[in-house]
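These notes are about the structure you will find just below.
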Amino acid sequence: MSNPISGLPESTDFVPCIGMTEDSLILLERNRCSVDPWDTVDIKPNIEVLERGVPSFYLSCYDMLLTEEAACLVKVSDGSSALAVHMNRMESREEPEQCPVIDSQENGLSPGLEGQMEDRSLEQVQSMVVGEVLKDIETACKLLNITPDPTEWNTGNVQKWMLWTEHLYRLPHAGKAFQELTGKDLCAMSEEEFRQRSPLCGDTLHAHLDIWKSAAWMKDKCSAVDTKTTGSEELWSEADSSCSGQPIHLWQFLRELLLKPHNYGRSIRWLNKEKGIFKIEDSAHVAKLWGLRKNRPAMNYDKLSRSIRQYYKKGIIRKPDVSQRLVYQFVHPV
DNA sequence: GATTAGGAATAGG
DNA sequence: CCTATTCCTAATC
């Protein structure tokens with residue numbers, strides 16, 4: 001699937017079907033469906049769970065996100081936060097400030113067994129979705145080499161994010177209209193101002209930024225208070241090779257992609273993880289990702305593969321014993 | 001037609 | 001100095 005936030009697929013046109021009604025889906029769903037141009041990721045587990053585990057009722061993303069954890073996020077973020085805003089927009093159009101509380105459901109309305117089970121799965125689903133969103137953002141951050149918190153972005157980061165989001169939604173290029181803005185500037189802008197700068201996709205960009213803002217807020221507040229949220233906290237604390245400071249090497253980048261089959265399994269995957277043998281399934285996509293990461297818009301597989309070949313004599317990557325197209329092997333598998 | 005292998009020049013940190 | 005990028009030729013699948 002294409003991650004809502006970090007998704008990137010290109011040639012894929014597969015549209016994950018969640019048990020949600022189309023008109024009730026906003027960004028989250030929209031992303032998933034609006035596969036960006038390149039990515040190709042698998043269908044997320046939560047989607048499957050949704051279909052099977054909660055078949056009886058349709059949830060909108062907003063519904064799903066309106067749980068305690070999401071709700072807290074919504075409230076605190078003063079209603080301007082992304083997740084919140086969209087929920088409100090969808091859910092209860094005229095009462096934006098009212099955060100539906102779960103209690104109300106439990107207590108009065110449908111006390112039946114069904115209701116309880118629904119609530120339970122609802123919570124699971126909700127936390128799952130929130131977790132997925134955070135995960136996607138985190139993945140995108142590593143990919144773009146930017147921080148999750150938009151307020152920390154410089155103008156260059158903003159442009160990167162713009163490029164990324166445009167790709168994700170297949171939007172026309174609008175980055176120029178935001179050229180001189182920092183992340184703080186961006187965050188301070190209203191949806192209207194976004195539209196003024198980009199009539200075509202200002203709304204989408206603004207909505208997407210809202211999600212990032214909310215996620216950053218969540219990371220900030222919730223992680224401080226021990227949150228046993230959804231098991232997603234580790235997503236933010238996990239430290240890997242990308243934190244080493246030095247400019248990332250291609251082989252490190254490939255390893256990172258391989259570590260996330262969930263997101264990139266359709267583009268690059270292990271054939272034999274123990275031996276470090278992997279296959280590039282979608283050469284164009286992997287090259288595109290690499291180009292994004294290195295700010296090399298003209299990157300393609302021809303050049304990426306040349307870089308891989310440089311590793312031959314260095315003993316970092318080699319061709320496997322039985323040479324196959326698009327298959328390589330790490331000389332020192334971890 | 002895409003992929004592979006490497007030489008060679010150049011960028012860029 | 002180093003790695004990566006760019007460009008290119010020739011061979012291979």
Side-chain angles (χ1 to χ4, degrees), chain A residues 2 6 8-14 35-41 139-147 152-164 166-167 173 175 179-180 182-183 239-261 263-273 275-334:
Chain A
S2 77
S6 70
L8 355 135
E10 175 131 34
S11 41
T12 311
D13 36 59
F14 111 128
V35 178
D36 51 2
W38 1 337
D39 194 78
T40 38
V41 201
T139 301
C141 285
K142 282 186 181 161
L143 196 74
L144 301 175
N145 203 20
I146 61 178
T147 70
E152 295 175 14
W153 295 345
N154 60 28
T155 56
N157 298 148
V158 169
Q159 287 300 305
K160 246 180 169 178
W161 178 84
M162 286 278 174
L163 220 62
W164 174 253
E166 287 159 12
H167 236 299
H173 181 59
Q179 213 150 26
E180 76 293 4
T182 67
D240 57 55
S241 53
S242 63
C243 301
S244 51
Q246 293 298 314
I248 190 166
H249 292 282
L250 176 56
W251 63 269
Q252 293 176 311
F253 183 75
L254 293 176
R255 269 232 155 87
E256 283 186 16
L257 296 187
L258 285 162
L259 281 176
K260 301 186 183 311
N263 294 319
Y264 307 108
R266 298 205 163 175
S267 302
I268 180 171
R269 65 187 178 88
W270 292 114
L271 288 189
N272 185 328
K273 191 168 182 178
K275 293 185 178 177
I277 301 175
F278 63 95
K279 175 167 186 176
I280 296 173
E281 301 281 4
D282 185 340
S283 59
H285 185 211
V286 173
K288 190 76 193 177
L289 294 176
W290 177 235
L292 258 170
R293 177 58 174 271
K294 289 290 295 293
N295 278 323
R296 275 307 126 135
M299 182 54 60
N300 56 29
Y301 182 67
D302 184 55
K303 289 181 278 196
L304 182 148
S305 64
R306 183 68 190 89
S307 293
I308 292 180
R309 271 177 250 126
Q310 301 279 33
Y311 289 143
Y312 290 174
K313 58 170 172 259
K314 295 182 183 174
I316 297 175
I317 288 177
R318 66 182 178 93
K319 263 320 213 182
D321 296 324
V322 282
S323 181
Q324 305 169 69
R325 285 191 137 201
L326 298 168
V327 175
Y328 298 91
Q329 176 172 15
F330 284 104
V331 175
H332 302 297
V334 178

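Not counting sequence neighbours, A/Tyr301 has no partner by the ring pair (Phe, Tyr, Trp, His ring centres under 6.0 Å) test. Checked against side-chain hydrogen bond (donor to acceptor under 3.5 Å, both in side chains), A/Ser305 has the following partners two or more places apart in sequence or in another chain: A/Arg309. Considering only residues two or more places apart in sequence or on other chains, A/Arg306 meets the side-chain hydrogen bond (donor to acceptor under 3.5 Å, both in side chains) condition with none of them. Contacts of A/Asn272 classified as side-chain contact (heavy atoms from CB on, under 4.5 Å), with partners at least two apart in sequence or in another chain: A/Glu274, A/Lys275, A/Ile277.
Atoms CD1 (A/Ile248) and P (B/dG13) sit 16 Å apart, rounded to a whole Å. When rounded to the nearest whole Å, the span between OH of A/Tyr312 and P of B/dA5 equals 4 Å. Protein atom CE of A/Met299 is 7 Å distant from nucleotide atom C1' of C/dA4, rounded to whole Å. Rounded to an integer number of Å, the gap from CD1 of A/Ile317 to P of C/dT3 is 14 Å. A/Leu254 has its CG atom 10 Å from the P atom of C/dA4, to the nearest Å. Going from atom CZ of A/Arg293 over to atom P of C/dT3 covers 19 Å, rounded to whole Å. Rounded to a whole Å, the OH atom of A/Tyr301 is 14 Å from the C1' atom of B/dG1. C/dA4 atom P lies 16 Å from atom CG of A/Asn300, rounded to whole Å.
Side-chain N/O atoms of A/Ser283 include one lying less than 4.0 angstrom from OP1 or OP2 on B/dT3. Between A/Lys303 and C/dT5 there is no side-chain polar atom (N or O) within less than 4.0 angstrom of OP1 or OP2. One finds no side-chain N or O of A/Trp290 lying less than 4.0 angstrom from the OP1 or OP2 phosphate oxygen of C/dA4.
DNA chain B is contacted by both A/Lys313 and A/Ser305; A/Ser305 maps to the nucleotide lying nearer its 5′ end (nearest heavy atom per residue).
Here A/Glu281 pairs with A/Arg269 in a salt bridge; the nearest charged N to carboxylate O distance falls below 4.0 Å.
Distance from the side chain of A/Leu250 is smallest for C/dA4 among the nucleotides C/dT6, B/dT3, C/dA4. Ranking C/dT5, C/dT3, C/dC8 by closeness to the A/Gln310 side chain, first place goes to C/dT5. Counting only heavy atoms from C-beta on, A/Arg309 has its side chain closest to B/dA5 among C/dA4, B/dA5, B/dG12.
Listed by first and then second residue, the salt bridge (Lys or Arg N to Asp or Glu O under 4.0 Å) pairs involving residues 314-330 of chain A are A/Arg318-A/Asp321 (not counting sequence neighbours).
Within 4.0 Å (heavy atoms only), A/Arg306 reaches at least one base atom of the nucleic acid.
Minimum interatomic distance between A/Leu289 and A/Leu143 (heavy atoms only, all atoms of both residues): CD2-CD2, 3.7 Å.
Contacts between residues 319-329 of chain A and DNA chain B, counted as heavy-atom distances below 4.0 Å, involve A/Lys319, A/Gln324, A/Arg325, A/Leu326, A/Tyr328.
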